[in-house]
Colleague: 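Before I ask anything, here is the structure I am working with.
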Amino acid sequence: MTRTPVNVTVTGAAGQIGYALLFRIASGHLLGADVPVKLSLLEIPQGLKAAEGTAMELEDCAFPLLRGIDITDDPNVAFDGANVALLVGARPRTKGMERGDLLSANGGIFKPQGKAINDNAADDIKVLVVGNPANTNALIAQAAAPDVPAERFTAMTRLDHNRAISQLAKKTGAAVTDIKRLTIWGNHSATQYPNIFHAEIAGKNAAEVVNDEKWLADTFIPTVAKRGAAIIEARGASSAASAANAALDHVYTWVNGTAEGDWTSMGIPSDGSYGVPEGLISSFPVTTKDGKYEIVQGLDINDFSRARIDASVKELEEERAAVRELGLI
Ligand SMILES: NC(=O)c1ccc[n+]([C@@H]2O[C@H](COP(=O)([O-])OP(=O)(O)OC[C@H]3O[C@@H](n4cnc5c(N)ncnc54)[C@H](O)[C@@H]3O)[C@@H](O)[C@H]2O)c1
Ligand SMILES: O=C(O)C[C@H](O)C(=O)O
């Protein structure tokens, strides 16, 4: 049977994450090894030539699943018929830029893109925002798309989730595949809270296996939360291949489901669960099935976790207040 290709739109296609992402989308790592894709690349005018170069390379791979590539600087064209949208292109923080300036500059990108998704995307559109500040950029795009169900707008904390799994595996000598039910709570920022109290290592409670609250508070949490900055310091550029890998993981899991007995972390509009104010795009533990996700309910949140979740959620509330003030939502 010949499947209809899935339309995948990638913004910031000529950037470093774009370059690490597109070839793997075209080889089946976003949706599955039997799912054909059509790519639509959105760039700003200055990025179009480089995007054309990447498209030439994609063609030169002769990927069996790749059924076409369009390149444009017009969001209405880029999101026309989109089933999956990866919003990667964003305005980076530059020297001397205040948080308000950064939010305002990104509002100029994510508000029109949200509207273009609202007006042009397919009914089943799923959106992942990677560009920082990812949670609040997702909120801006979602607010500009009133006809799209809010839960289709998500922000990426899967990179933090993967980082936390690797750090925990290193500490305990476990295989990464033995680690389940880890959660990133809150914002994709230094306030995020990677929680191992519900996690399992080969079926045993991870916090009990580690049995070292000092390591948890002083090493594990800051290492995961500040890993992005450490990579910028070491590489002279922000994470790209690992970010692209996490974007693929996020969408693949959303579409194809979490494994029995496990969950993942996604930045999603809060329904008020765990005291996170409704509408904030915050990271939660979620299970996924048949292209839908659900927040894992009923977890016992101890005082150590509560304080850290609240701190990250407070930052998200402040970001929401700032973009409201700027008229972006
Ligand atoms: N959520 C996460 O875990 C995570 C991880 C790593 C990086 N990031 C973020 O992802 C973003 C992209 O990172 P990168 O390294 O690829 O950056 P980059 O600067 O290499 O590329 C960004 C690209 O976006 C393009 N762009 C800018 N405005 C655009 C617009 N309005 N429409 C379409 N394209 C536009 C630029 O021309 C550029 O080609 C950054 O905001 C970065 O901070 C997020
Ligand atoms: O781009 C950044 O500021 C860092 C990035 O979000 C990351 O977590 O690697």
Side-chain angles (χ1 to χ4, degrees), residues 9-22 40-55 70-79 85-94 97 99 102-117 127-138 140-141 144 154-164 166 184 186-192 194 222-251 265-267 281-283:
T9 302
V10 180
T11 77
Q16 43 152 15
I17 294 178
Y19 196 74
L21 185 60
L22 291 166
S40 172
L41 313 185
L42 179 67
E43 257 296 344
I44 51 176
Q46 307 88 292
L48 287 175
K49 197 159 172 18
E52 278 161 21
T54 305
D70 293 319
I71 305 169
T72 179
D73 60 2
D74 180 346
N76 287 313
V77 175
F79 293 113
L86 305 176
L87 309 190
V88 178
R91 174 78 158 76
R93 190 195 289 266
T94 42
M97 208 177 191
R99 193 169 62 165
L102 182 72
L103 291 171
S104 167
N106 278 297
I109 295 174
F110 288 87
K111 194 171 176 179
Q113 289 184 1
K115 181 165 184 345
I117 288 170
V127 182
L128 167 62
V129 176
V130 175
N132 280 321
N135 299 54
T136 297
N137 286 341
I140 294 168
T154 67
M156 189 163 96
T157 53
R158 184 63 175 265
L159 179 54
D160 312 298
H161 181 96
N162 290 346
R163 286 168 172 165
S166 278
I184 303 296
N187 202 1
H188 171 68
S189 76
T191 68
Q192 67 176 266
T223 299
V224 174
K226 295 182 191 161
R227 186 71 161 184
I231 286 166
I232 292 172
E233 176 66 28
R235 239 171 61 84
S238 65
S239 61
S242 57
N245 181 68
L248 297 162
D249 282 352
H250 176 113
V251 174
S265 305
M266 287 170 70
I281 299 203
S282 185
S283 189

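Atoms within a ligand are numbered from 1 in the order they appear, just like the ligands themselves.
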Colleague: Between Ser238 and ligand 1, which residue portion shows a heavy-atom distance shorter than 4.0 Å: side chain, backbone, both, or neither?
Modeller: side chain

Colleague: Within the distance-only criterion (no hydrogens, no angle test), does the side chain of Glu43 pair as donor or acceptor with the backbone N or O of Ala51 below 3.5 angstrom?
Modeller: no

Colleague: Applying a heavy-atom cut-off of 4.0 Å, say which part of Asn132 lies close to ligand 1: side chain, backbone, both or neither.
Modeller: both

Colleague: Heavy-atom contacts under 4.0 Å between Asn132 and ligand 2: side chain, backbone, both, or neither?
Modeller: side chain

Colleague: Applying a 4.0 Å heavy-atom criterion (strictly less than), which segment of Ile231 is in contact with ligand 2: side chain, backbone, both, or neither?
Modeller: neither

Colleague: Any atom of ligand 1 sitting under 4.0 Å from a heavy atom of Ala90?
Modeller: yes

Colleague: What atoms of ligand 2 come closer than 4.0 angstrom to any heavy atom of Ile232?
Modeller: 2 (C), 3 (O)

Colleague: Which of the numbered atoms in ligand 2 are under 4.0 angstrom from any heavy atom belonging to His188?
Modeller: 5 (C), 6 (O), 7 (C), 8 (O)

Colleague: Give a yes/no verdict on whether any heavy atom in Ala240 is under 4.0 Å from an atom of ligand 1.
Modeller: no

Colleague: Would you indicate which of Glu43, Arg158, Arg91, Gln16 comes nearest to atom 37 (O) of ligand 1 when only heavy atoms are counted?
Modeller: Glu43

Colleague: Which ligand 2 atoms are under 4.0 Å away from a heavy-atom of Ser239?
Modeller: 7 (C), 9 (O)

Colleague: Could you list which atoms of ligand 2 come closer than 4.0 Å to a heavy atom of Ser238?
Modeller: 1 (O)

Colleague: Should one rank Ile44, Ile232, Ile109 by closest heavy-atom distance to atom 35 (C) of ligand 1, which comes out on top?
Modeller: Ile44

Colleague: Give the atoms of ligand 2, by number and element, whose distance to some non-hydrogen atom of Arg163 is under 4.0 Å.
Modeller: 7 (C), 8 (O), 9 (O)

